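Shown next, in structure tokens, is the structure this report addresses.
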Amino acid sequence: MAKLESTLKNMVMSLTFIALIASALLAGAYALTKKPIEETASKNKEQAIKDVLPDKEAKVEESVEIRLDGYADAFIIYPATKNGEIVGAAVETYNNDGYGGRIKIMVGMNREGTISDYTILETAETPGLGAKADEWFKDKGDIRGKNPKTTNFQVTKDGGDIEAITASTITSRAFLTAVQCAYEAFQQSLNK
């Protein structure tokens, strides 16, 4: 096979060919993995809803979207009923002001708004620091059993009642703001 002459035209054609092949392979890999990734995310969300609800035997009703002033995305409420009465909800909440950007959380609360549990759905916080939010707010800065109506859901450094993650105040503020938004969205959904 004859060697191609090293001209600008031949180099551009070679690079274009290589880029097309790489793009096709990448598109193929995306197409193969897209559905399994979406299915896994959906199962994880369903499990998170069950995990955080105050009454594990309650029936999860159709979700409701609530928009709060100053937030671009809706907060999603998954009401839970027992004997036809709302006993609480799981609320998909978020805050974009974490140290690593968006923190997305599923927060469970009873009808009055007392936090039963939470799980982090998405975060890009620093490992060993902000990523500790997954357990910190169940341990040292435990928010479970507290109600944002009667507890100041700010870090103690800002005059609040919740202890911040050591060396991770920005993440703590974002997390607690997301929980406060979950409470507000749930209360708003009850008034609809």
Side-chain angles (χ1 to χ4, degrees), residues 1-53 60-80 89-108 117-139 164-182 184-186 189:
M1 183 167 156
K3 184 178 175 185
L4 284 177
E5 187 178 336
S6 185
T7 65
L8 181 61
K9 177 183 170 188
N10 287 341
M11 286 189 273
V12 168
M13 285 182 6
S14 294
L15 285 174
T16 301
F17 179 73
I18 292 169
L20 287 172
I21 296 295
S23 297
L25 290 172
L26 188 58
Y30 174 77
L32 287 173
T33 59
K34 182 181 180 195
K35 188 173 180 180
I37 289 171
E38 288 173 349
E39 288 172 354
T40 300
S42 178
K43 285 179 186 174
N44 289 344
K45 186 182 287 189
E46 286 175 24
Q47 187 61 47
I49 292 167
K50 290 176 186 175
D51 290 346
V52 302
L53 283 175
V60 179
E61 301 293 337
E62 187 175 327
S63 65
V64 177
E65 288 189 6
I66 298 291
R67 296 205 174 271
L68 298 177
D69 291 340
Y71 290 87
D73 297 330
F75 296 86
I76 304 170
I77 316 296
Y78 300 91
V91 182
E92 189 175 328
T93 183
Y94 70 95
N95 188 284
N96 293 327
D97 297 328
Y99 188 76
R102 178 176 273 224
I103 297 173
K104 195 171 180 183
I105 310 165
M106 187 69 72
V107 178
D117 208 351
Y118 72 88
T119 188
I120 295 180
L121 300 174
E122 176 185 313
T123 185
E125 298 303 295
T126 308
L129 292 173
K132 288 182 182 178
D134 190 32
E135 292 301 322
W136 182 271
F137 295 106
K138 292 179 183 178
D139 186 23
I165 301 168
T166 306
S168 200
T169 306
I170 293 170
T171 300
S172 299
R173 285 178 179 136
F175 179 91
L176 293 172
T177 299
V179 173
Q180 181 71 41
C181 287
E184 291 170 18
F186 178 52
S189 77

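All values reported here derive from a predicted model rather than from experimental measurement.
Judged by distance alone, with hydrogens and angles left aside, the side-chain atoms of Thr40 form a donor-acceptor pair with the main-chain N or O of Pro36 at under 3.5 Å. Thr93 contributes a side-chain N or O that, together with a main-chain N or O of Ala178, makes up a donor-acceptor pair within less than 3.5 Å.
When side chains are defined from C-beta on, Asp73 counts as touching Tyr94, because their heavy atoms get closer than 4.5 Å. Side chains of Arg173 and Asp97 form no contact here, defined as non-hydrogen atoms less than 4.5 Å apart. Lys138 is listed as a side-chain neighbour of Asp117, based on a closest heavy-atom distance under 4.5 Å. Contact annotation: the side chain of Phe186 never approaches that of Ile66 to less than 4.5 Å [non-hydrogen atoms, C-beta and beyond].
Between Phe175 and Phe137, the ring planes lie parallel to each other; the angle is under 30°, not in the 30° to 60° tilted range.
Distance check, rounded to the nearest 0.5 Å: CD of Glu125 to CG of Asp134 gives 12.0 Å. Taking OG1 from Thr33 and CD from Glu38, the interatomic distance works out to 9.5 Å, rounded to the nearest 0.5 Å. Rounded to the nearest 0.5 angstrom, Thr171 OG1 and Lys132 NZ are separated by 11.5 Å. A distance of 10.0 Å separates CG of Leu176 from CG of Asn95, quoted to the nearest 0.5 Å. Here OG1 of Thr177 is found 9.5 Å from CD of Glu184. Values are rounded to the nearest 0.5 Å. Taking SG of Cys181 as the start and CG of Leu68 as the end, the distance is 5.5 Å to the nearest 0.5 Å.
Heavy-atom contacts from other residues, nucleotides or ligands closer than 6.0 Å to CD of Glu62 number 12 or fewer.
When all heavy atoms of Ile77 and Ser189 are compared, the pair lying nearest together is CG2-OG, 3.9 Å. Contact record, Ala80 with Leu53: CB-CD2, 3.7 Å, taken as the closest heavy-atom pair. For the pair Met106 and Glu92, the tightest heavy-atom approach, listed with the atom from each and the gap, is SD-N, 3.8 Å. Residues Ala89 and Pro79 approach most closely at CB-CA, 4.0 Å, considering heavy atoms.
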Subject >> Working for side-chain contact (heavy atoms from CB on, under 4.5 Å), residues Tyr71 and Asn96 >> reply: CA-CA 9 Å; Tyr71 290 87; Asn96 293 327; over 6 Å; no

